[in-house]
Amino acid sequence: MVFWRYRLEVLHVVILPLVLVVQFVSGLLPEDLIPVAAPLRPSLLRFHLTVIIFAVAALFITFAASLAYILLDRALKARRPVRLYPKLPSLEQCDAVGRMSLLWAFPLLTLGILTGAVASASITHTFWTWQVKETLAVIAWVILAVVIVLRLGWGWRGRNPALLTIVAFCAVLLRMLGVY
Amino acid sequence: MPIVFGMNHRSAPLAVRERVAFPEQEIEAAVARLRGVTGVEEALLLSTCNRTELIVSARDVDAGGILAGFLQGERPVTMDEVERHCYMHRDHEAVRHVFRLTSSLDSMVIGEAQILGQVKEAYAAAGRAGSLGPVLDGLFRRAFSAAKKVRTETGIARNPVSIACAAVSLARDIFGDLHDNTVLVVGAGKMARLAAQQLKSDGVRSVVVANRSFQNADDLARELDGRAVPFDRLFEEMERADIVITSTASPHRVIGREDALRVSRARRGRPIFFIDIAVPRDVDPAANEIDNVYLYDLDDLHRVVKANLDGRLHEVHSAEAIVEREVAAFLAWRKSLEVTPTIVELRQRLHEIALGELERFHSRLGDLTPDQAEAVRLLAVSLVNKLLHQPTVALKRAAALNTGGLRVELIREMFGMDEAAAVVPVDRGDPLEVPVIGRPESPPVRRRDER
């Protein structure tokens with residue numbers, strides 16, 4: 001969707017290695033970590049996973065755009081020639097992509113966390129345990145919520161939302177890559 | 001082979017160059033006159049603000065004297081100045097010079113695109129004047145394709161090297177295609193006008209001009225198809241403008257850090273790009289520290305330009321390598337052309353001998369039927385062709401070799417051929433095309449009267 005609208009092939013450069021890393025790490029993980037044959041509500045679990053995958057995919061793009069923004073912003077502020085990053089999109093484009101993809105990622109992530117909680121409740125009969133993975137997800141969610149409120153409400157934009165988004169994404173990534 | 005004679009920005013001061021330069025409208029006539037000079041076979045005249053060069057293909061050994069005389073006769077310069085400031089390149093040096101010239105490696109600003117257009121114009125003018133021939137035509141065609149290769153395969157022309165272009169390129173890095181952006185010009189100076197014009201031609205949506213003298217603002221706004229505003233509404237306008245060019249003559253800061261901060265807040269974080277080309281500066285340098293405010297002053301822009309120029313210098317090596325390759329390819333092609341006249345002449349000469357002998361023996365052969373006479377003629381022709389086969393192959397092979405010249409000389413000497421004929425220009429086309437055997441009396445090669 002983002003690609004159709006903005007045609008930013010550069011983002012591939014950031015996204016492709018990330019996908020590879022995630023795949024590689026997930027290949028290393030023992031398979032029984034995720035209770036695939038959960039006794040109850042397997043469809044809900046599957047739904048949860050699907051939603052989370054889409055949320056993280058959208059967040060990937062937000063992250064990539066934010067990173068590009070930070071790099072370009074630093075180069076411009078330092079008044080060094082931007083020769084180092086000849087193919088980066090403009091600041092405004094990065095910002096617009098970041099904003100759009102975040103608006104997709106956030107509801108998906110919210111839905112993902114909720115269904116996760118419900119699924120977990122149906123499996124372990126505990127609605128919420130303050131495990132690290134859950135906490136990380138919530139931290140990421142809170143950061144993203146703050147970013148969205150600032151962006152939409154206060155018209156915040158540019159470097160700081162980009163930085164916060166990167167932090168939030170790292171939290172999600174950590175949670176995904178198995179800080180259990 | 002070609003000869004280059006002329007002066008450029010390195011060999012001559014502007015005071016001399018401006019007198020030597022040919023006015024644009026006179027070039028065509030001048031190149032025709034140059035072509036008419038004794039000894040000059042082909043001519044092209046290149047005259048820009050940085051160089052004036054006579055590029056000719058000439059037979060005469062003393063081309064330097066002839067060309068110096070021509071220049072001195074055409075333009076108001078003394079012979080002394082011509083001798084002191086002009087350089088001359090011959091043969092492969094001249095070829096290399098032309099290739100480097102069109103690839104903008106010899107320019108004052110390396111990699112600038114103008115020179116290629118100027119050379120193309122000179123080439124067109126020479127074409128109209130009818131002064132081009134196989135040597136120069138081939139040379140310049142190759143040079144144009146080499147220049148294109150250099151531009152596309154190296155980064156020599158990638159980054160802007162003028163202040164105005166550098167500013168526009170920075171604006172693009174911030175705002176993208178600029179179509180939705182407004183530029184605010186503060187002060188109606190010449191530099192601001194230039195930068196604003198550049199931005200306007202690059203697609204900026206609207207231009208607003210603010211100046212202490214409203215009249216001047218209005219004039220500039222009209223020129224840029226924009227709108228003038230009173231100077232005291234400056235900060236109001238700034239909230240809506242994305243690019244601010246300042247160039248007032250004010251001795252004090254016009255826009256302080258606090259102003260920039262306030263503007264940035266009012267813009268709710270939309271980036272704003274200050275281009276401060278005033279001396280002394282109009283915008284507080286500390287404004288650059290504010291988020292979403294980007295400030296470049298004249299020094300910063302100069303630095304960007306310089307870095308881009310340095311970047312170009314890095315690319316010069318690979319550009320030179322491409323030029324060397326192209327020069328070598330061109331020279332090899334030229335060489336292959338060189339052996340053709342020799343082959344043609346060799347065939348012609350031997351066939352002439354054969355037919356001459358046939359004529360001489362005609363009486364001794366007695367009365368022959370037409371069939372028999374034809375058979376005898378064919379015998380002679382066929383004998384000559386058989387004998388010619390091996391030398392022809394050797395010559396063709398020689399074309400590709402560096403030692404080709406030696407082999408050509410050897411064969412010419414062995415068969416007692418006239419030395420001067422080797423420089424006869426030939427028709428372009430398949431360089432190794434050999435005339436149809438059996439009709440030696442109609443040489444397909446255009447010849448000039450040598451003696």
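Being a predicted model, the structure only gives us computed values, none of them experimental.
Within 6.0 Å of CZ in B:R240 there are more than 12 heavy atoms belonging to other residues, nucleotides or ligands. The number of heavy-atom neighbours closer than 6.0 Å to CZ of B:F231, taken from other residues, nucleotides and ligands shown, is above 12. Summarising the local packing, CZ of B:R257 is surrounded by more than 12 heavy atoms from other residues, nucleotides or ligands at distances under 6.0 Å.
The most heavy-atom pairs under 4.5 Å with chain A, out of B:L301, B:V293, B:D291, come from B:D291. The choice from B:P271, B:G155, B:A166, B:G176 that makes the most heavy-atom pairs within less than 4.5 Å of chain A is B:P271.
A pairwise comparison of heavy atoms in B:Y296 and A:A75 identifies OH-O, 4.2 Å as the closest pair.
One distance of note links CG of A:D73 with CD1 of B:I174; it measures 9.0 Å at 0.5 Å rounding. In this structure, CD on A:E92 lies 12.5 Å from CG on B:D173, to the nearest 0.5 angstrom. Atom CG of residue B:N292 and atom CG of residue A:L91 lie 8.5 Å apart, to the nearest 0.5 angstrom.
Scanning residues 280-289 of chain B against chain A with a 4.5 Å non-hydrogen threshold yields B:P285, B:N288, B:E289, sorted by number.
For residues 54-69 of chain A, there are no salt bridge (charged side-chain N to carboxylate O under 4.0 Å, His left out) pairs, not counting sequence neighbours. Pairs passing the salt bridge (charged side-chain N to carboxylate O under 4.0 Å, His left out) check and including a residue from residues 103-113 of chain B, sequence neighbours excluded, read B:R10-B:D106, B:R51-B:D106, B:R100-B:D106.
Looking at B:I290, the atoms closer than 4.5 Å to chain A (heavy atoms on both sides) all sit in the backbone: N, CA, C or O.
For B:K148, there are no salt bridge (charged side-chain N to carboxylate O under 4.0 Å, His left out) partners two or more places apart in sequence or in a different chain.
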